[in-house]
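Shown next, in structure tokens, is the structure this report addresses.
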Amino acid sequence: MKTPVRLTRRRLAAALAAPFAAAPATNAQPQQDGARRPGRIREAAAKLMAARPGKNISPAFRFIP
Amino acid sequence: MAQAYASLLELNGLLRSGAVKARDIVREAARLLEAEAGPDGAVRRILLDEAMEAARGVERELKRGRTRGVLQGAPFGVSELLQTARRPPAWDPQTPPREAEDAAAVSRLRGARAAPLALLASPAFGGIAEGFGAREDACARVVSRGLLPFAVSLDFNGNVLRAALRRGCWALRPTFGTVSGFGSAPLSWTLGAVSVLARTPEDCGHVLAAMSGGDSRCPHSPGRTFRFVPQYARPVRGLRVADAGAEAGLRAWLERQGAVLAAAQKPQALPLEILHAVTAAEAGEALEQELARCGQCQHFLAQARELAAFEYLRAMRLRRSLLDWYNLALAEADVLVLPAEPWAMAEPEKGENGAPQQWVATALLAGAPILVWGGGGPRGLPAFGLTGRAGAENTLLRLAGALAQGPWHRKNPED
């Protein structure tokens, strides 16, 4: 018969951390601009980060009022 | 046969008068579609048995005088970007067939007694890796050639609209949320709209009315149904039209009909960049594993993976301010007329920074309805695009109907 495992604080923390530990630290993509290949999405993202929307604009919206 | 090139209204007239039988229509359409079937053809699969069964039901209903509207007995095409019952979707082939349901749009069309007859080919993942070069050509091809009266597909970045412009048929992308997105490819949750390609603007309206409606399975559904009532929309006389570079003949026609024309404002900056970032983030995240297995999507996926939460949120905040600007810019206009040629481009990057492309991208981001006509040869109505504020479909369809009745219109490209 399987012995039930007591849920301790340490075990809970380890269980919660496991999915993050298993994930790769990065997606193996170089982050330095010099090493990046050009691309439509990269260029778009760079232009978007240069723009400054108003501070009080939320990203959530409704399409049909 | 008579039904090739027939609009939905004409087809329904033939059926109700008893001039043709529903099964004959299905049989003839399937025969025509067979030439398009094949690994590289527009038709992925012909659903003949299913459609014949539905046609038999329609014949029984008509025999006892039961009519259900203009879609009754009409065969139609469904893009691979929409799910059909008992078939694993193209974007998730691991789904067990018994768990695959109809997309909400397909299920509603079945309810109106239209029969899905052909699964139509779509580029890999809708061609999302091609950006503004993505096109749903197969759907537009079968409709413009008169093989089917209409087809439905998913428009996420204008892919359906560009195909209609290229192939020469009508396409209506409705206001975001009008048609439930349940069962459609997760190419972009905040952009994707189930759209219709048809042979007349009236047919687009009838199909949209049948497909629309609230759906608890779709988080973006506002719970409203579209009613196709162009007779209650603003007539062309007195219609306020913003012109973003309409063709000269079209402009002259509008002026003759008494429309009030004014030049459209210059669009705000960055709509194309927002569109690219939003589609990449949403589709890349949803379809990561599938895109990783697709050879031609590797560069797209690599860029999508690099996008940070900061960049997606910046794009969405800029989109929100663009939406507010769009509603203000169209406060004084009922319809915005767009030239068709620059954004029907074959080259993805060609002329991308022009004002018409920016207007189209803004309308897509704002979830506004867009209606396009792909042009009809030397004697035909010139190609154009129409857009307006959310919920303006009836206004667009009334104007399009009037334009289609103009002296330049012809129904059959082989006339």
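In what follows, chains are A, B, ... by sequence order, proteins preceding strands, each numbered from 1. Model, not experiment: these values are computed from the prediction.
In this structure, a donor-acceptor pair under 3.5 Å is present between the side chains of B:S180 and B:D215.
Residue B:I274 touches chain A through both its backbone and its side chain, counting heavy-atom pairs closer than 4.5 Å. Neither the backbone nor the side chain of B:Y312 comes within contact range of chain A; no heavy atoms are under 4.5 Å apart.
Partners of B:F228 according to the ring pair (Phe, Tyr, Trp, His ring centres under 6.0 Å) rule, which considers only residues two or more places apart in sequence or in another chain, are B:H206. Take B:A134 and apply the side chain to side chain contact (heavy atoms under 4.5 Å, CB included) test, not counting sequence neighbours, and it matches B:F156, B:N157, B:N159, B:R162.
Listed options B:L318, B:D324, B:L270 were ranked by heavy-atom pairs under 4.5 angstrom with chain A; first place goes to B:L318.
Salt-bridge check for B:E288 with B:R305: passed, with a basic side-chain N closer than 4.0 Å to an acidic carboxylate O.
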